[in-house]
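One structure below.
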Protein chains: 2
Amino acid sequence: MKLEVQIKMNQTLFLRDPEQSELGRNIIKHSIQLIDKTGFESFTFKKLAEAIGTTEAGIYRYFENKHKLLVYIISWYWGWLEFQIGYQTKNVQDPVTKLKQVITLLASNVEDDLMTSHVDESLLHQILIAEGSKSYLTKHVGEDNKQQYFKPYKDLCNTIGEIILECNPSYLYPHSLASTIIEVAHLQNFFMHNLPSLTDFDKSKKESQIIEFLNNLVFSSVINKRS
Amino acid sequence: MKLEVQIKMNQTLFLRDPEQSELGRNIIKHSIQLIDKTGFESFTFKKLAEAIGTTEAGIYRYFENKHKLLVYIISWYWGWLEFQIGYQTKNVQDPVTKLKQVITLLASNVEDDLMTSHVDESLLHQILIAEGSKSYLTKHVGEDNKQQYFKPYKDLCNTIGEIILECNPSYLYPHSLASTIIEVAHLQNFFMHNLPSLTDFDKSKKESQIIEFLNNLVFSSVINKRS
DNA sequence: TATAAATGATAGTAAAGCTATTATTTTTGG
DNA sequence: CCAAAAATAATAGCTTTACTATCATTTATA
């Protein structure tokens, strides 16, 4: 039998569960491809329907609007990443090693996970870099938050925050540092590729440079000989 | 006579210079108010025209589209902030003090500058927090960059990067750290007010908490006793 | 004071963002 | 296996957004 990883999703994000039908899985698969290709602003349900070979109204039966679909695939990614972190740091005792592995996972290019046949995690990672912050930078972030749309992101920040506290139980800003690591990993990646003079990375555009910058930043303040 | 600060703007951002006419200045003034109030997604030239008491076509004579208008007001803000930094740190010798002042300027609530009668910097600061990253998180960031749309942001990063190097000439990531400080100042502010569990700040929601977090983060790595 | 430049008033178009209706498949429970 | 229910397809239509065009009128300026 084929093993498939299932990420538990917030039921209020969709009208009909896209995991439960061929059309639904196609919506997820092609929306990831299309958002990555055209960017979220140019992405429309009409174009998505064409790509799948269905109709606009068909998509609307699954998702109320394109913003909820974006939040859905982003939540899915955070759920998947949390699973990856748990899996990859399972037998690691040293919290510093663990935090380094987390930073590496966040800042490295992701490979498509074959356990999830209808999701291309590599593209999803690119979407997070370029569109991730648009999921919460809205006027309706308050209501979205009440609906628990950002729970997977918060859970991930808590997980990382706990590892930070294992490194230094008296560190004052575990959550802020966790959200900072996540966002800076993506931002520096975007800048490296698109606005390189906002960074100090060379033209090789290797993600390892971002990892080194983050390691320097994070471990200087978490393991601070001065305080 | 009344002193007015003028920020030099990129000529390709507009079709007609909005600083040079009453209508133009009204476009700037009301777009800042309207984007702050409704968010950039809901902001339209039609609503802006109504707010001013002119017509949609009238706005289009000044700006090609709402994205360029957003880039315009954001560039304006970076230019103004660069001026503020130069002004406020003019006679400060110690680079550490200087960098602390820059962090404070970036993370504090801004007061409306009376030298610029048609721009409310306080609102503009809120726009930067909630909409700033949308100015570059687009598929056309490459072309926009060629047109020098992000020069004021880059200049500011260079200025901050130089102060960082004054603090520690062997620090490896002055530009990345500068862009990180700017973005994290805004992000943590947004999180503090909208998704507080992504931060460690208490309910007082005082910006001073963000400043402390940033000072800890920045100076641990810039003045690192370990390296 | 003529003339050019800017603005106002109005109209119109294509696409985006939805909703509704009916017909046709596909699924599934008795 | 068949009938009812559920999902999908096909089509239409409506409002708003994003933008362009035209022409009349006001305002600035040589």
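The sequence lines fix the lettering, A, B, ..., with proteins before strands; numbering per chain opens at 1. Here the structure is a predicted model, which means the values were calculated and not measured.
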Rounded to whole angstroms, how far apart are NZ on Lys68(B) and C1' on dC19(D)?
-> 14 Å
Shortest non-hydrogen separation from Leu15(B) to Arg61(B) and the atoms involved | CB-O, 3.4 Å
Take atom CZ of Phe40(B) and atom P of dT17(D), then tell me their distance rounded to the nearest Å.
-> 13 Å
How does each nucleotide of nucleotides 13-20 of chain C score, in 5' to 3' order, for protein heavy atoms under 4.0 Å: base (B), sugar-phosphate only (S), or none (-)?
-> ---SBBBB
Identify whether NZ of Lys or CZ of Arg in Lys66(A) sits under 6.0 Å from the centre of the six-membered ring of Phe40(A) and within 45° of that ring's axis.
-> yes
Just the atom pairs and distances: protein N or O near nucleotides 5-8 of chain D's N or O, under 3.5 Å.
unit_1, atom_1, unit_2, atom_2, d
dA7(D), OP2, Arg16(A), NH1, 3.1
dT8(D), OP1, Tyr62(A), OH, 3.0
dT8(D), OP2, Arg16(A), NE, 3.4
dT8(D), OP2, Tyr62(A), OH, 2.9

Under 30°, 30 to 60°, or over 60°: which ring-plane class applies to Phe14(A) and Tyr72(A), parallel, tilted or perpendicular?
-> perpendicular
Donor on one side chain, acceptor on other, Thr116(A) and Glu121(A), under 3.5 Å = yes
Would the number of heavy atoms belonging to other residues, nucleotides or ligands and lying under 6.0 Å from NZ of Lys46(B) be above 12?
-> no
Lys90(B) NZ/CZ over Tyr87(B) ring centroid, <6.0 Å and within 45° of normal = yes
Mind checking what makes salt bridge (charged side-chain N to carboxylate O under 4.0 Å, His left out) contact with Glu131(B), not counting sequence neighbours?
-> Lys134(B)
Which class fits the ring pair Phe190(A) and Tyr136(B): parallel under 30°, tilted 30 to 60°, perpendicular over 60°?
-> tilted
Length of the CG-P vector between Leu48(B) and dT17(D), whole Å | 13 Å
